[in-house]
Amino acid sequence: MPLAHPSHPQDGPRENVSVNPVFTREPVTIPRGRLPEGELDHETAYQVVHDELMLDGNARLNLATFVTTWMEPTARDLMAECFDKNMIDKDEYPRTADLEQRCVKMLADLWHAEDAVGCSTTGSSEACMLAGLALKRRWQHRRRAAGLSTDRPNLVMGINVQVCWEKFANYWDVEARLVPMDGDRFHLTAEEAVKYCDENTIGVVAILGSTFDGSYEPVAEICAALDRLHAERGWDIPVHVDGASGAMIAPFCDPDLDWDFRLPRVASINTSGHKYGLVYPGVGWIVWRDAEALPEDLVFRVNYLGGEMPTFALNFSRPGSQVVAQYYNFLRLGRAGYTRVQQYCREVAVSLAERIAALGPFRLLTDGRQLPVFAFTLAEGETGYSVFDVSAALREQGWLVPAYTFPAHREDLAVLRIVVRNGFSHDLADLLVDALERVLPRLRNQDKPQHGKESASFSHGAGERG
Ligand SMILES: Cc1ncc(COP(=O)(O)O)c(C=O)c1O
């Protein structure tokens, strides 16, 4: 074994990984936080990493994430063929670059834009940063042209925005005007949005749909209220739609819903290719209505890769695999395929939400009829345990269902949320309901004395799990 570092137990179990390969080799010890001095053969190195990863949760049972956890083998093959292509080398890999532009055109068409411009990103977070920067720069240009101050830009959005928007505001010195929740209003409404706008508002973010509960924000109503504000006060405030999930759900499941470039006030839309675009992480998309919505002075032109390439991105190098996989999915599924997949997710979400509501101890906040995502809390009168206990008990059975509290003004509300994705079938939903039915009696009785019959049935349940 060519390892030239100490393998004595005195190195301590925390600092070192003791490996006893299942192959017929000498046991070795590998430092955890220090580059090993020597080399390992590839089979042992693979086994070490593989074994560590076994302790991660099972991605398919992860109902916390919006991100794709299953792709078909042919898509994986294509991705592997492109691992070595850097997306930024557009002159060297012109076909990959062309596929990216075809995807932008397909999305623009899906979202009813005619002269759109756009690009791929690492995910919706980067896409939102780019969209926010374009809003800020357009506002600066308008203000400077009118001889007005550009000192205090602000962005109006519901407090339910995903953290990427708070990051945007923090990193680029924009005041985040977060409209709080109120009672049973868990997202931005038109009425509230306009109250927070003024001459320094660079834009309003409308979310399709909310990360907290899967609900769609009323984009058309927000746009109409901003049209009225424009007429009354002269402030022409554009809207960005954060369609991280919903921009790949609504076109297929709610084709008559007006939320996209059909609304003239919508300047830009982002989505995560790696959410309901059905690609493994990480790919996102940002599309502007037209070239005017993306100020030219944000676009860099570099010539050191050969040719002159326009770029608007936060990072430079990035794998081509995800963009290629996105194009593959678009070809493979088409409108019919995406409609079938997203509709199935919605059916599973709606039916699972109904069954969870019927169990008794829960109250639904949303029911999966917008994003195939729903949030639920404990029903009135359920005491002695919390949604966090439910989450922990489900985790013991392998299910990852997150529990969290809502933001300002509704911190009192703690919920569980289930995200239904491609690959989560009615069968798996049945198994999840079985798991809930198994854990609930124990949780609901835990503040009561455990003896006699009750304790016998409890230990039976525990034994079953073991
Ligand atoms: C509404 C919304 N916007 C933005 C994001 C960030 O997306 P990404 O993980 O693709 O960066 C998310 C992620 O959940 C989201 O739900």
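Read the numbers this way: they start at 1 and go in the same order the structure lists the ligands and their atoms.
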key: R395, CZ: over 12 other non-hydrogen atoms inside 6.0 angstrom   = no

inquiry  = Contact between I286 and N270 at the side-chain level, heavy atoms closer than 4.5 Å - yes or no?
reply    = yes

remark   = Between P281 and Q322 the two heavy atoms that sit nearest each other are O-NE2, 3.0 Å

ask   = Closest approach of Y327 and M106, non-hydrogen atoms and distance?
value = CE1-CE, 3.6 Å

message = Return the closest protein heavy atom for atom 15 (C) of ligand 1 as residue, atom name and distance.
response = Q162 CG, 3.5 Å

Under a 4.0 Å heavy-atom limit, does [X] contact ligand 1 with its side chain, its backbone, both, or neither?
X	value
V161	neither
S124	both
S125	both

Out of all atoms in ligand 1, which are within 4.0 Å of some heavy atom of [X]? Include the element for each.
X	result
H274	8 (P), 9 (O), 10 (O)
I207	1 (C)
S272	7 (O), 10 (O)
C164	4 (C)
T211	1 (C), 2 (C), 15 (C), 16 (O)

ask   = When R355 is tested against each of D434, D430, D367 for salt bridge (charged side-chain N to carboxylate O under 4.0 Å, His left out), which residue passes?
value = D430

remark   = Applied to residues 271-287, the side-chain hydrogen bond (donor to acceptor under 3.5 Å, both in side chains) test, sequence neighbours excluded, yields R76-Y280, S124-S272, S272-K275, W285-Q326

key: Contact check, K275 vs ligand 1, heavy-atom distance below 4.0 Å   = yes

message = Within the 3.5 Å criterion, strictly below it, is a donor on E175 or N200 matched to an acceptor on the partner's side chain?
response = no

message = Among D242, V419, T121, which one puts a heavy atom closest to atom 3 (N) of ligand 1?
response = D242

inquiry  = Between Y338 (side chain only) and G277 (backbone N and O only), is there a donor and an acceptor less than 3.5 Å apart?
reply    = yes

